[in-house]
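Notes to accompany the following structure.
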Amino acid sequence: MSYQRIYRVVDRIPPGRVATYGQVAALAGLPGHARQVGYALHALPESSRLPWHRVVNAKGEISLRSMPGAELVQQQRLAREGVHLQPNGRIPLEQVRWKPGARVRARRLTR
DNA sequence: GCAATGACGCTCT
DNA sequence: CAGAGCGCCATTG
């Protein structure tokens, strides 16, 4: 259960921001183990309070999982935090990508 | 223990 | 920019 390491990183993702699997893996000290991150989240119990919905793939897209429709749940959760999908069905990573350590400078007038 | 599979990522075409 | 190929590792049959 080295998953604990991954879960801890995911728990650090602030609301309104998203991280990629690879990013989480690297932060967890497991560079290149993006798949394992996805595997860990897959095994995550539904009752978990972990913000797993803030984790997307490198394309900024919500990865499809075994159960169809579940991705819509993630999409809805993200929207609730202000992260909306673009017309192409992807998330503007450049804007919502979580930069660990980087201070939220002036929360730009992006909005 | 070997082979197949999977919430992925990077590189090349 | 999109699609195909290869890599990486833990879990499962």
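Quick note on labels: first sequence line is chain A, next is B, and so on, each numbered from 1.
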Under 4.5 Å between side-chain heavy atoms, hopping through other hydrophobics if needed: is there a path connecting W98(A) to V18(A)? no
With a 4.0 angstrom cut-off to heavy atoms of chain A, pull out the first and last contacting nucleotide of DNA chain B, in 5'-to-3' order. dG6(B) to dC10(B)
Taking the side chain as every heavy atom from C-beta outward, state whether Y3(A) and Y39(A) have any pair of such atoms under 4.5 Å apart. yes
Where is the tightest heavy-atom contact between E61(A) and G89(A), given as atom of each residue plus distance? CG-O, 3.9 Å
Using whole Å, what does the distance between atom P of nucleotide dG3(C) and atom CG of N57(A) come to? 14 Å
Categorize L64(A) for me: base, sugar-phosphate, or nothing, with a 4.0 angstrom heavy-atom threshold over every strand shown. sugar-phosphate
May I ask you to verify whether the side chain of R35(A) and the base of dC8(C) hold a donor-acceptor pair under 3.5 Å? yes
Rounded to the Å, how far apart are L30(A) CG and dG7(C) C1'? 16 Å
Show the nearest heavy-atom pair for residues I13(A) and P51(A), with the distance to one decimal. O-CG, 4.5 Å
Using a strict heavy-atom distance below 4.0 Å, which residues from residues 36-45 of chain A are in contact with DNA chain C? Q36(A), Y39(A)
Taking the side chain as everything from C-beta on, heavy atoms only, tell me whether V24(A) gets closer than 4.5 Å to T20(A). no
Nearest-nucleotide wise, let me know which of H33(A) and R90(A) is further upstream toward the 5' end of DNA chain C. R90(A)
Select base, sugar-phosphate, or nothing to describe what E71(A) touches, counting heavy atoms under 4.0 Å on all strands. nothing
Under 3.5 Å, which donor-acceptor pairs do the side chains of residues 76-85 of chain A form with other protein atoms, sequence neighbours left out?
{"from": "E81(A)", "atom 1": "OE1", "to": "G16(A)", "atom 2": "N", "distance (Å)": "3.3"}
{"from": "E81(A)", "atom 1": "OE1", "to": "R54(A)", "atom 2": "NE", "distance (Å)": "2.9"}
{"from": "E81(A)", "atom 1": "OE2", "to": "H53(A)", "atom 2": "NE2", "distance (Å)": "3.1"}
{"from": "E81(A)", "atom 1": "OE2", "to": "R54(A)", "atom 2": "NE", "distance (Å)": "3.3"}
{"from": "E81(A)", "atom 1": "OE2", "to": "R54(A)", "atom 2": "NH2", "distance (Å)": "2.6"}

Short side-chain to backbone donor-acceptor contact, R97(A) and Q95(A), under 3.5 Å: no
Examine distances only and state if a side-chain atom of R90(A) and a backbone atom of K59(A) form a donor-acceptor pair shorter than 3.5 Å. no
